[in-house]
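Have a look at the structure below before the remarks.
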Amino acid sequence: MDYEQILLAIFGLWQSYLTYNQYAKNKTVDLKLKLIEEEEKKKNKRKARDSSKIYGEIWELLHNLNADRVYIIQPYPLDRNHYLSIEYEVTRKGIVGMKDYVSKLPMSQIAVFSREMAENQFMYFSNINEQVKDKKAMALLSSNGGYAAIIKRLSDSNHDWVGSIICEFTHPIEIPEDEARQILRNAATNIQYILPEYHDPEDLLNK
């Protein structure tokens with residue numbers, strides 16, 4: 001009988017230990033989840049704030065350059081750069097945007113133009129049809145009313161290409177190249193270090 005009582009006591013202590021241990025684990029998991037949730041909220045707030053600044057910058061470019069559309073084309077994934085997409089874009093009233101046309105566009109389809117954007121700090125095309133070498137890129141830009149374009153490379157702190165600001169015009173560019181270069185340089189400085197990495201919405205849904 002004494003053995004039974006001892007065994008019951010030991011079993012009771014063991015059950016108490018397991019219950020407490022599980023409780024402690026649950027509390028730890030809850031804390032980790034809470035910290036992750038708080039960090040995600042901070043990231044979302046920061047991204048919303050940064051996105052507002054980016055939109056402000058490209059709206060200014062639209063106005064200051066008298067452009068018809070301004071957008072940021074981004075390569076992704078950044079470690080492989082297989083595709084191009086647009087997340088940030090502003091247009092004048094009545095002007096068709098480029099976002100729907102450049103969505104998960106394989107870089108291989110406009111390889112020459114992609115390389116030029118990655119390698120050149122600044123490009124000034126006063127006539128798209130005559131100066132854009134990549135035929136696919138030329139067709140894409142001109143088919144949506146583009147006549148001229150100014151492009152500024154965006155880089156991260158390691159000087160790696162993370163995207164390009166593209167200012168398009170359905171008419172001849174009115175601003176001199178040197179002045180446009182300075183305006184785009186200032187905008188790029190304000191954008192490139194806060195530009196969120198592009199993520200394909202489909203990829204996020206499949207995670």
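What you see below is based on every heavy atom in this structure, not just the backbone, and it leaves out hydrogens, waters and symmetry mates. Keep in mind that this is a model prediction, so the values were computed, not measured.
- From L184, atom CG reaches atom CD1 of I175 across 9.0 Å, with rounding to the nearest 0.5 Å.
- Under the 4.5 Å side-chain heavy-atom criterion for Ile, Leu, Val, Met, Phe, Trp and Tyr, Y55 and V70 are members of the same hydrophobic cluster.
- Taking T189 as the reference, nothing meets the side chain to side chain contact (heavy atoms under 4.5 Å, CB included) condition, with sequence neighbours excluded.
- Applying the ring pair (Phe, Tyr, Trp, His ring centres under 6.0 Å) rule to Y83 yields the partners Y76; only residues at least two apart in sequence or on another chain are considered.
- Residues I95 and Y147 do not share a hydrophobic cluster, clusters being chains of Ile/Leu/Val/Met/Phe/Trp/Tyr side chains in contact below 4.5 Å.
- Hydrophobic clustering of Ile, Leu, Val, Met, Phe, Trp and Tyr side chains at less than 4.5 Å, counting indirect connections, keeps Y124 apart from V112.
- Q192 places no side-chain N or O within donor-acceptor distance of the main-chain N or O of V162, the cut-off being under 3.5 Å.
- Listed by first and then second residue, the salt bridge (charged side-chain N to carboxylate O under 4.0 Å, His left out) pairs involving residues 113-141 amount to none (not counting sequence neighbours).
- The two residues S126 and A148 have their closest heavy-atom pair at O-CB, 3.6 Å.
- Applying the salt bridge (charged side-chain N to carboxylate O under 4.0 Å, His left out) test to residues at least two apart or on different chains, the pairs with a partner in residues 181-199 are E177-R181.
- Screening residues 90-100 for side-chain hydrogen bond (donor to acceptor under 3.5 Å, both in side chains) gives N66-R92 as the qualifying pairs, with residues at least two apart or on separate chains.
- M123 belongs to a hydrophobic cluster whose other members, connected by ILVMFWY side-chain contacts under 4.5 Å either directly or through intermediates, are Y71, I73, L84, I86, V96, M98, Y101, V102, L105, M107, I110, F113, M117, F125, I128, V132, M138, L140, L141, I151, W161, I166.
- Transitive grouping of hydrophobic side chains (ILVMFWY, heavy atoms separated by less than 4.5 Å) brings I183 and I173 into a common cluster.
- Taking CD1 of I191 as the reference point, atom CG of N186 lies at 11.0 Å (rounded to 0.5 Å).
- Take S103 and apply the side chain to side chain donor-acceptor pair (under 3.5 Å) test, not counting sequence neighbours, and it matches no residue.
- Qualifying ring pair (Phe, Tyr, Trp, His ring centres under 6.0 Å) partners for F169, counting only residues two or more places apart in sequence or in other chains: H171.
- Listed by chain and number, the residues in a side chain to side chain donor-acceptor pair (under 3.5 Å) with S51 are Y88 (sequence neighbours excluded).
- Closest approach of A180 to I150, counting heavy atoms only: CB-CD1, 3.8 Å.
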Report, one line per pair, each donor and acceptor closer than 3.5 Å where one atom sits in a side chain of residues 58-65; sequence neighbours left out.
{"from": "N64", "atom 1": "ND2", "to": "E60", "atom 2": "O", "distance (Å)": "3.3"}

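- With sequence neighbours left out, F122 forms a ring pair (Phe, Tyr, Trp, His ring centres under 6.0 Å) with no residue at all.
- Residue pairs that meet the salt bridge (charged side-chain N to carboxylate O under 4.0 Å, His left out) test with at least one member in residues 148-169, sequence neighbours left out, are R69-E168.
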